[in-house]
Amino acid sequence: MPELPELPFGLQYAAVGLFLLTVVAGVAQQFFSDWAQRALARVWRRISGRRRGVREDDWRRYRAWALRTYSSVELGFLQNVSVDLGEVYVPLQYEQDGRRIDVQRDLRTGLRTVVLGAAGAGKSMLLRHSMLRWAAGPEESDRVPVLVELTRYNRQDRSIQQLVVDALNRPDDEHPGRGRQRRKPTPPLVADAEQVTPLALAHGQLCVFLDGLDEVVTDRRADVVQDIKEFAERYPTCQIVVTCRDAVYDGDLRPTFDREIRVAGFDDAGIRHFLRLWFTRHRRLSGDEEPTDPRQAVEQLLADLRGSPTVMRLARSPLMLTMIATLYEADPGAGPMMPNSRAEFYEQAVDHLLRRDRDLGRHGSLARYKAGHKLMALRAVALAAQGATSGQADQRVISEEEIYAALSRVLPRFRLDGDNLPHLIDEIIERSGLLLRTDDNNLLYEFAHLTLQEYLAAVELADDPERLLTLYSENPKRWRETVKLWCAGANRDASGLVRRILGGNERDQLLALECVAEARQIDERLAGDIVDRFLLHLGESGTDKHLVLAALGAAAGNAGPLGQRLFDQLRVAAAAGGPIGEDAAVALAESRRREAIEALSELAEDSPTARAALRSTGELAIPVLLDRAQAGSLVAVDDLAAIGTPAAAVAIAEQLWGAGPVAVRAAWRLAALIGAPDVENELCHFNPGPFARDGDPEWYDWLWVPFTASAADPMARTMGRVGWLIDRSTGEDVPPDLEGVDVRLALGIGAKPSPFKTGKVPAEVSEALVAAARRLGHRRRVAAADLTTVDVEQLLDLIHRSEPELARRLALTVLDLRASDSRNALLRQLPGPVLVGLAARLWLSTSLDAETRDWRTLHERPEAPTVLAVCRSIAVTIGVLLGVALVGIGVVRSVATLTGSWVWGPRWLAVVVVLSLALSLVGFVAMFVSGKAGEPPLPAIFAVLLGAAVLLAASAFIGVPTLAGWIGAFSTAFSLSAVAIAIVVLTIWTSRRKRALRNPYRALLQRHDTDAKGLLDSPVG
């Protein structure tokens, strides 16, 4: 083998190879280190993720499945009709200390929560929407939600943990393996769910939603309760939410689940919000290119609802309101026939669903069986599903065999043979949607909603109260709603059944009172005795107090002698005050009678409970509260804001043009209400002219310009007045419970072009910012003392993505330093991303660098001055070259003048040029030498500046005439003037375009959810 040639200078191949390897390693580290770190991080996340029960691919597939599954919801009571949940969902609320709190937002704060509510209160929709919300933005939550329907516990011998595994082990219904091209087996949503789930649960990475504890059959409910408790104790860091009907729940999960949230019915604002979303969806689906305004349909239906307090109480249930709106759309010409009870409404709904083929003229081609026959069949099936005919205590699903057995007893009445059974069942399922097939393999069925099943069972037992009582005594929780619906029937006397129930325990006695409120026919003396018995217990505590007060209020709202007598007794008790008076006030509000509004208004000034009760009556209280507000009551303005409907907002807007504290409070309250689309749409039609003083200049004409077609728009004047009042208020004028101020007002007034307070952000705050960013993965080392505005914004954004609360606290620290009183209170209402962006700009500055013109042009979208910037650069380059040329000519000719080779002008001028050049050079050298040891001396700096200034002036004095001698005086003057003018004009023009492009208001609002608000779209017409 030949030897390698010797290297020069005595170098060795090993040394050269080591050197080259070092160079390669250095280059790789310089250019590929970040990529390698990211690749290793991805590998580690996959390995550790599998170990901890998390794998990104699994959750990505599961998220896509959740979006497909929960975005669309079947109505159940209308066949083949579904709605987009995101289009019609209205957030549920619960009441606490007279305030309404968003249930979904509050669920995130507790590990063990039981959500209680009446039938149709929206508990299941709450969990579905929570799943959809997570799937749309998984980065906002630290846990992955899993929805388990507890009805599966009825028909499967599976534990809670196994049901969670089953939920994650569902097949991916849109995997490519399902196509013809690829016949691979469909993978599950989460691979190896049996091994993955326990690890994810143990690390607290899941949030388990257990829906429908009340729908578990009675003989298995104790088992499932114990299983849920053990599951919660086994996984203490796992978040668990259980839903159940409040009338069924007896605190079974305590003390493991110590947090209970009771869902409140829709208030007037919620009803209006839902109807607006519903009818907007209907107009959009109608095929019109420009959907019509749904306000007319909303107002017409609301007027019908307000005509009957009984109906309005029904409409506070999301399920009932959905059915009302659906049937209203189905027959808009005649309009809805408002029922007097739940039972009558269900009767209308079922009748419509069974007869709509005939009403649409298609009965002969699509239906074989009469509506009456199908109704009788459904009644028999519902009774069997309730557990009245089988050996089981109760059940939610029913098998085909049980359906055949139930229908075999009623078919002879139709003069039909057994061969019609399959066809009859199919027609009921396909044409009415009241009965659903849930499992084709096992032939299992269930009703679209449990309430419909309970109603049909009550109708089937209409003539057999003894059997109903027997069934209730065997299983009170299962048959409680059926008993109430039985009593609500219009053609039966409920006295005997109610009297029998009254002899039972406390829960039975409460049911008797609820039956009095629902019954259409009952003995007046019996009803009076029941009501009097419960009146004696007013003021006492108890877990069922809310049910007692609601039932008393419903009875007091009924027409007739009993209702009037009870109402009078409640009014007297409320006036007496004390605990009894507080309960009586709540019951008065539940009656929804106009006389109750007047009575509560007299008590509201001195009784917080009466005030909260008055506020809960919704729009019925607006006239009373408006009178009190005009008399100077700030509390009345707050109560109008709590009602929150468009009508209440208009009443508040009427107070803006007065003088004194009421106008200021109205401005603050309207600033929070304007964010609701319903309110904004209504205020667009509000004319402040009759309330404003002629020639009154006290409003900002610029504030609402970006959001209206013109400054003359009435809405612009209303919101301009709001901004003017807020801008002149003090910290004492800010309502203590203020929240949710519209971002347009909070930013437009809070960050208006005026200086903020001076002061330096404390060093410890900057250090906390840097430390938090490094902890969250910020790789570039930044010293707290050397932060720039760009650095602060990047660090705050990083923190906000992972720990939004920490980012908000840091931002509020800056606001506390820069803004005070009302301005601070206003800016605190900004959404998190906007607040963080504003704080970053004010971290090192006392000004936002904004002008009023920036706000007026907020909606404009200027183009980047690319061409202008290039032209300006060319002009500046030419100008610099001309300047260098002139200086060079001046220096060369000055030296030539001193040597006598190229003389121009006086000799002293040449001396000045040469000396100024020498002075500049000496000063520069002195600065360079002394700068290595420390700060350059001031004399050196002065020498450089003085020499450069004299050199430029003297050289130009020599260079311009010399240049003119070469190309002519006119050409020289024209060229120099053109270049100077071009530089000035292009610089100004480019600066203005760049200033418009970096509009600070637009940059901040772009951080907000512009898709939801459309804040930066073209102005509203």
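Remember, predicted model here, so these are calculated numbers, not experimental data.
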[X] side chain near [Y] side chain, heavy-atom distance below 4.5 Å:
X	Y	result
V814	R818	yes
V950	L919	no
V912	F957	no
T897	I958	no
L826	W668	yes
V743	L1004	no
V891	S955	yes
L812	L835	yes

### Task
Give the C-alpha distance, both sets of side-chain angles, the deciding distance and a yes or no for side-chain contact (heavy atoms from CB on, under 4.5 Å) between D701 and R856.
CA-CA 10 Å; D701 61 352; R856 289 180 178 273; 3.7 Å; yes
### Query
Testing W702, Y700, F707 for side-chain contact (heavy atoms from CB on, under 4.5 Å) with W704, which one passes?
F707
Any donor-acceptor N/O pair, [X] side chain to [Y] backbone, under 3.5 Å:
X	Y	value
R721	E698	yes
S802	I799	no
D854	E851	yes
S822	S729	yes
W699	W724	no
T990	T987	no
N824	A819	yes

### Query
Any Lys/Arg nitrogen of D816 or R828 sitting under 4.0 Å from an Asp/Glu carboxylate oxygen of the other?
yes
#### Entry: Residues L827, F756; criterion side-chain contact (heavy atoms from CB on, under 4.5 Å); working and verdict
CA-CA 12 Å; L827 293 175; F756 287 82; 4.0 Å; yes
### Other residues, nucleotides, ligands: >12 heavy atoms within 6.0 Å of W989 CH2
no
### Query
Would R823 and K757 satisfy side-chain contact (heavy atoms from CB on, under 4.5 Å), going step by step from the backbone distance to the final call?
CA-CA 11 Å; R823 193 174 194 180; K757 292 196 303 182; over 6 Å; no
### Message
I'd like to know whether M715 forms a side-chain contact (heavy atoms from CB on, under 4.5 Å) with I674, so could you lay out the CA-CA distance, the side-chain angles of the two residues, the decisive distance to 0.1 Å, and finally the verdict.
### Response
CA-CA 11 Å; M715 180 72 166; I674 192 61; 3.3 Å; yes
At what distance, to the nearest 0.5 angstrom, does [atom1] of [X] lie from [atom2] of [Y]?
X	Y	atom1	atom2	answer
L898	R893	CG	CZ	12.5 Å
R717	T708	CZ	OG1	14.0 Å
K760	T846	NZ	OG1	14.0 Å
L830	L815	CG	CG	7.5 Å
T789	R841	OG1	CZ	8.5 Å
S873	I983	OG	CD1	10.5 Å

Search all heavy atoms of [X] against all heavy atoms of [Y] and return the closest pair with its distance.
X	Y	answer
D791	D786	OD2-O, 4.1 Å
L703	G723	CD2-CA, 3.7 Å
V792	A840	CG1-CA, 3.8 Å
A773	L798	O-CD2, 3.6 Å
A811	V836	CB-CA, 4.4 Å
A850	P753	O-CB, 3.3 Å

### Query
Will you find, in the side chains of S766 and W843, an N or O donor that is under 3.5 Å from an N or O acceptor?
yes
